[in-house]
Chemist: 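Below are the structure tokens for one structure; questions will follow.
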Amino acid sequence: MTMDTIFNAFGLGLLLLSVNHTNSSHSDCLTGCTCTSNRHGRSLLCMETAILGIPEDIPEDFTKIRIEKSHLTEISKSAFSRYKSLEHLWLNFNGIAIIHIKSLEGLSNLTELRLEGNKLRSVPWTAFEDVPSLKILDLKHNRLDVLPEHALKYLPRLTYLDLSFNQLTVTSKEVFLKWPVCETAFKSGETAVPNVVLALHDNPWFCDCRLKGFVEFVTSLSPPIILMNSYLTCSGPEYMVGKFFHEIELKTCTKPVATTPSTNITMPLGANITLPCFAMARPEPAVWWTYGLKILRGFHEFQTRVNEDTIKSELVIPSLHLADHGVYTCTANNFIGNTSVSILVDVKSPDGSHPLSPAFPAAATEENIYIDIRIAKQTVYGITIEWYAVMEKPSETWFTIHFGRYDTLKKELIYIGPGINTYSVTDLLPATKYDICVTLKNQAPRNGQCIVFVTGSDMSEMEQREKLIHIVVIVLAMVLAVPAGMYACTTDTKFYCFERGMEMWRNCRRAKQTDRPEEGQGTFDSLQAASDEGLCKDSSEGRKTRRRSDDRTQKTKFDHKPTI
């Protein structure tokens, strides 16, 4: 056999081996996807392919997986843990709303994770403990609205972070100061670390005092930390809209101070009266009026801005009646604390001889028990409640949260310090009835201080996987001011919200009408609005999902939120 013959046979063997390898790679690939190999390893590419999960029967030697526009809705536990060699994971434009806390388990070699254009409202940041080699994290064009203080501490090698085009409004500079590469850069100088690229633009930043530290951090950045777009702008409040961070100087946050020109007003019967209240605070406080320890719902209240830190609230009482005499309290609240000022209104008798002056209610001269509680937010893992309390010494008053399953007598007690008016409950069980109450410390719950709700269990629709917990509020006479957007019906729970709630309320009212005829008044304003908008329908008409409003003027969103 000649040398030419030997070389020809050898070349034919290599060609057949290559063909067999290509066929093998093609057969091992995911249906509808493309698999390729190069000197960097094997890659899987799936574009516009309906994929509900990654099959377990495909090879585990991929170094790059790219699945885009393929309708993935979540990253489940250990979804890619078989791919020990995986270095690049691209999951852009899939509509992913949920990332399991152990979704990145086993990916110790992963250096790049891209999640652009999904529906993420939150990220389990501790999941990044499983990817210590991660250098690139792309989260742009999602719906993230919160960055926890320790979010970046689990990313020791990350040098590229893109959080642009999200819903971030307020964050702390501590988030970035605890990012390991930033810590090293600040301590050791420019030569100690490679360039760090950070993208934070096109978020609706709310430039009040809560953003003071973050604005100072951003405007002081210099290499090796580089902002992809250094012209960050304010989206609120109104007088800050459109201003660049480098143009503003924010002040320190302060507790509200409520004042009024006069604390004692006497007016004749039938007169129109306007009660003024000035609330000064940073950030802007929520202001409301109470009379006889109840929030006023029938009178008109108008608010105007006096200056950057002061709001004027005016309570208008038309055609003064004898029953209108009494103590009116203006309360201002922000996340630091609250304060109030009271005005005594006297009504002159018809002959004008003397005023009809009632004494201050006993509850107004002592630490009173009025607490208005509502569900403020429905999160992926549970709910957040908020409450407003009228009290004499807000800076010294502690609250107690009573929480547990409805059928248990012994509830868990959580003590909340002064100035905090929100609380988040997590890890709720599905299809379970709970109640949660807010009281002054060491007091037992009373009517009007509790909310009873049921969690749903229907997980069949992918659209509903964004919210693992579906809340159905059982509206009784004692439930106050639950926002319309929080009413949700599920197929499994079978609560026909408005009709069932009204029936329960009527039965309760009949049973207690003799003893407490005043109970339940003014508690159905929000309920009626919810019914009118058709939020709750019979299950045969299908489920309608209502998401939380994007109105970022709700300041309670940024309150300190302790969690269980």
Side-chain angles (χ1 to χ4, degrees), residues 25 28-36 40-144 151-152 154-155 157-158 160-162 379-381 427 430 459-469:
S25 298
D28 289 340
C29 197
L30 193 62
T31 303
C33 302
T34 302
C35 293
T36 58
H40 298 294
R42 298 192 65 204
S43 299
L44 171 68
L45 174 63
C46 302
M47 296 290 286
E48 300 185 14
T49 304
I51 296 178
L52 298 180
I54 306 301
E56 298 183 1
D57 57 350
I58 61 176
E60 302 174 0
D61 59 344
F62 288 115
T63 57
K64 181 175 182 177
I65 292 178
R66 183 176 180 182
I67 302 174
E68 297 185 355
K69 301 179 182 179
S70 297
H71 312 298
L72 281 176
T73 58
E74 65 177 290
I75 307 178
S76 57
K77 180 180 180 181
S78 305
F80 299 94
S81 61
R82 300 185 304 280
Y83 307 101
K84 306 296 183 183
S85 301
L86 191 63
E87 297 178 7
H88 309 276
L89 180 57
W90 291 28
L91 300 172
N92 300 321
F93 308 108
N94 278 299
I96 296 171
I98 299 172
I99 298 179
H100 192 279
I101 195 170
K102 287 296 182 180
S103 60
L104 303 176
E105 197 171 40
L107 301 181
S108 59
N109 292 314
L110 191 70
T111 61
E112 180 181 20
L113 176 60
R114 295 187 181 272
L115 291 162
E116 177 185 356
N118 285 288
K119 297 181 180 179
L120 292 170
R121 296 182 184 274
S122 62
V123 173
W125 295 96
T126 54
F128 295 116
E129 288 184 294
D130 293 322
V131 286
S133 300
L134 195 67
K135 296 180 180 179
I136 298 173
L137 177 58
D138 186 351
L139 291 166
K140 63 176 171 284
H141 286 287
N142 276 278
R143 304 174 183 178
L144 302 178
L152 305 180
Y154 308 106
L155 296 159
R157 296 188 179 181
L158 192 72
Y160 179 96
L161 175 62
D162 195 338
T379 67
V380 173
Y381 305 106
D427 299 326
M459 295 296 176
S460 60
E461 299 181 22
M462 284 300 174
E463 181 69 17
Q464 290 295 331
R465 294 305 296 273
E466 289 189 38
K467 295 183 178 180
L468 298 182
I469 303 298

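All values below were derived from every heavy atom in this structure, side-chain atoms included, with hydrogens, water molecules and symmetry-related copies excluded.
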Chemist: Say you draw a straight line from CD1 of Ile65 to CG of Leu45; how long is it, rounded to the nearest 0.5 Å?
Modeler: 11.0 Å
Chemist: Please report the shortest heavy-atom distance between Ser70 and Met47, naming the atom on each side.
Modeler: OG-C, 4.2 Å
Chemist: Once side chain to side chain contact (heavy atoms under 4.5 Å, CB included) is applied, do any residues pair with Lys69, and if so which ones, sequence neighbours excluded?
Modeler: Glu48, Phe93
Chemist: Closer than 3.5 angstrom, by distance alone: can the side chain of Asn118 be matched with the main-chain N or O of Asn94 as a donor-acceptor pair?
Modeler: yes
Chemist: Tell me, with the steps shown, if Leu113 and Leu107 meet side chain to side chain contact (heavy atoms under 4.5 Å, CB included).
Modeler: CA-CA 11 Å; Leu113 176 60; Leu107 301 181; over 6 Å; no
Chemist: Could you check if a side-chain atom of Arg143 sits within less than 4.5 angstrom of a side-chain atom of Lys119, using non-hydrogen atoms only?
Modeler: yes
Chemist: How far does CG of Leu44 sit from CD1 of Ile67, to the nearest 0.5 angstrom?
Modeler: 5.5 Å
Chemist: Let me confirm one number: the CD-NE2 distance from Glu74 to His100, rounded to the nearest 0.5 Å.
Modeler: 9.0 Å
Chemist: Below 4.5 Å, heavy atoms only, C-beta onward: do Ile96 and Ile75 meet side chain to side chain?
Modeler: yes
Chemist: Would the distance check show the side chain of Ser103 and the main-chain N or O of Ile101 forming a donor-acceptor pair, the cut-off being under 3.5 Å?
Modeler: no
Chemist: Can you name the residues that form a salt bridge (charged side-chain N to carboxylate O under 4.0 Å, His left out) with Arg114, not counting sequence neighbours?
Modeler: Glu112, Asp138
Chemist: Rounded to the nearest 0.5 Å, what separates atom SG in Cys46 from atom CD in Glu68?
Modeler: 10.0 Å
Chemist: Applying side chain to side chain contact (heavy atoms under 4.5 Å, CB included), can you list everything that pairs with Asp61, at least two apart in sequence or on another chain?
Modeler: Arg42, Pro59
Chemist: Side chains of Glu116 and Trp90, heavy atoms from C-beta outward: is any pair under 4.5 Å?
Modeler: no
Chemist: Pair Leu91, Phe80 - check side chain to side chain contact (heavy atoms under 4.5 Å, CB included), show working.
Modeler: CA-CA 12 Å; Leu91 300 172; Phe80 299 94; 4.2 Å; yes
Chemist: How many angstroms lie between atom CD1 of Ile99 and atom CG of Leu104, to the nearest 0.5 angstrom?
Modeler: 7.0 Å
Chemist: Where do Cys35 and Phe62 come nearest, in terms of heavy atoms and distance?
Modeler: SG-CZ, 3.7 Å
Chemist: Would you give the length of the straight line joining atom CG of Leu115 to atom CG of Leu89, rounded to the nearest 0.5 angstrom?
Modeler: 7.0 Å
Chemist: Under the rule for side chain to side chain contact (heavy atoms under 4.5 Å, CB included), what residues qualify as partners of His71, not counting sequence neighbours?
Modeler: Ala50
Chemist: Listed by chain and number, what are the ring pair (Phe, Tyr, Trp, His ring centres under 6.0 Å) partners of His88, not counting sequence neighbours?
Modeler: none
Chemist: Nearest heavy-atom pair of Leu134 and Leu137: which atoms, and what distance?
Modeler: CD2-CB, 4.3 Å
Chemist: Just checking, is any N or O donor in the side chain of Thr63 or Glu87 under 3.5 Å from an acceptor N or O on the other one?
Modeler: no
Chemist: Show me the donor-acceptor pairs, under 3.5 Å and distance only, between side chains in residues 124-133 and residues at least two apart or in other chains.
Modeler:
{"unit_1": "Trp125", "atom_1": "NE1", "unit_2": "Val123", "atom_2": "O", "d": "3.4"}
{"unit_1": "Ser133", "atom_1": "OG", "unit_2": "Ser108", "atom_2": "O", "d": "2.9"}

